[in-house]
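On a predicted model such as this, the values are computed, not experimentally measured, just so you know. Excluded from the calculations below are hydrogen atoms, water molecules and symmetry mates; all remaining heavy atoms, backbone and side chain alike, are included.
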Amino acid sequence: MRRRWQLILPAIGLMLFGGVTYESLEGRRYEKAHGQYFWWASIRLDTHQVDQGLVTSTPCKDTEDNCVSWEPHAIEDPGPLTRALILSAFPTFLVGVALVRTLGRHGVSEIWSFMVLMPLLIGTWYHAVGWLMDRWKYRRSRPA
């Protein structure tokens, strides 16, 4: 059995992850809210998770001066690269975000855990899908 898709799909998945990460870092389409959150595509990652004594700010009132307001509707629609990655690796994102949030509750930085866990999970997911595709193709090509 040839292992063509088992090698190609994880490489494509990791390139997609790298592209979306570059878009989030370089493009700055998603703003930081009060310096506390980093937006990877449309996933909010807490930058100060290890600081247990950090007080988060509340929404601004009309009477306050020097208040920075941030609205969730300011997040743009994800681009085609982000859509392709999230749709093709949706189970990975369900598991990965749950793990990142759990580690965050235990004091681990969400950004670091996301940037370490997600490439591993994405590579594993695409490898499994590639294995299924290679197996299906091998079974169809065998004479009966």
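The side-chain hydrogen bond (donor to acceptor under 3.5 Å, both in side chains) analysis of residues 85-95, with sequence neighbours excluded, yields the pairs Ser88-Tyr126. Sorted by first and then second residue, the side-chain hydrogen bond (donor to acceptor under 3.5 Å, both in side chains) pairs with a member in residues 7-16 form an empty list; sequence neighbours excluded.
Taking 4.5 Å as the limit, some side-chain heavy atom of Lys137 sits within range of a side-chain heavy atom of Arg4. Val108 has its side chain out of reach of Thr102: every pair of non-hydrogen atoms, C-beta onward, lies at least 4.5 Å apart. Counting heavy atoms from C-beta outward, Glu23 and Thr82 have side chains that approach closer than 4.5 Å.
Both Leu99 and Trp125 are assigned to one and the same hydrophobic cluster, defined by single-linkage of ILVMFWY side chains at heavy-atom distances under 4.5 Å. No chain of hydrophobic side-chain contacts below 4.5 Å, direct or via other Ile, Leu, Val, Met, Phe, Trp or Tyr residues, connects Leu120 to Val95. A chain of hydrophobic side-chain contacts below 4.5 Å, direct or via other Ile, Leu, Val, Met, Phe, Trp or Tyr residues, connects Leu85 to Ile8. When hydrophobic clusters are built by joining Ile, Leu, Val, Met, Phe, Trp and Tyr residues whose side-chain heavy atoms come closer than 4.5 Å, directly or via intermediates, Trp112 is not grouped with Met118.
Scanning for side-chain contact (heavy atoms from CB on, under 4.5 Å) contacts around Met115 gives Phe17, Thr21, Phe38, Trp40, Ile111, with sequence neighbours left out.
Interatomic distance, Leu14 CG to Leu9 CG, rounded to the nearest 0.5 Å: 11.0 Å. The CD1 atom of Ile122 sits 4.0 Å away from atom CZ of Phe93, with the distance rounded to the nearest 0.5 Å. Taking CZ of Arg2 as the reference point, atom OG of Ser141 lies at 10.0 Å (rounded to 0.5 Å).
Gly130 approaches Gln6 most closely through the heavy-atom pair C-CG, 3.7 Å. Of all the heavy atoms in Arg101 and Ile43, the pair that sits closest is NH2-CG2, 4.1 Å. Smallest separation of non-hydrogen atoms from Ser24 and Ala41: OG-N, 3.0 Å.
Partner Glu110 forms a side-chain contact (heavy atoms from CB on, under 4.5 Å) with one of Val100, Leu103, Val97 and no other, that one being Val100.
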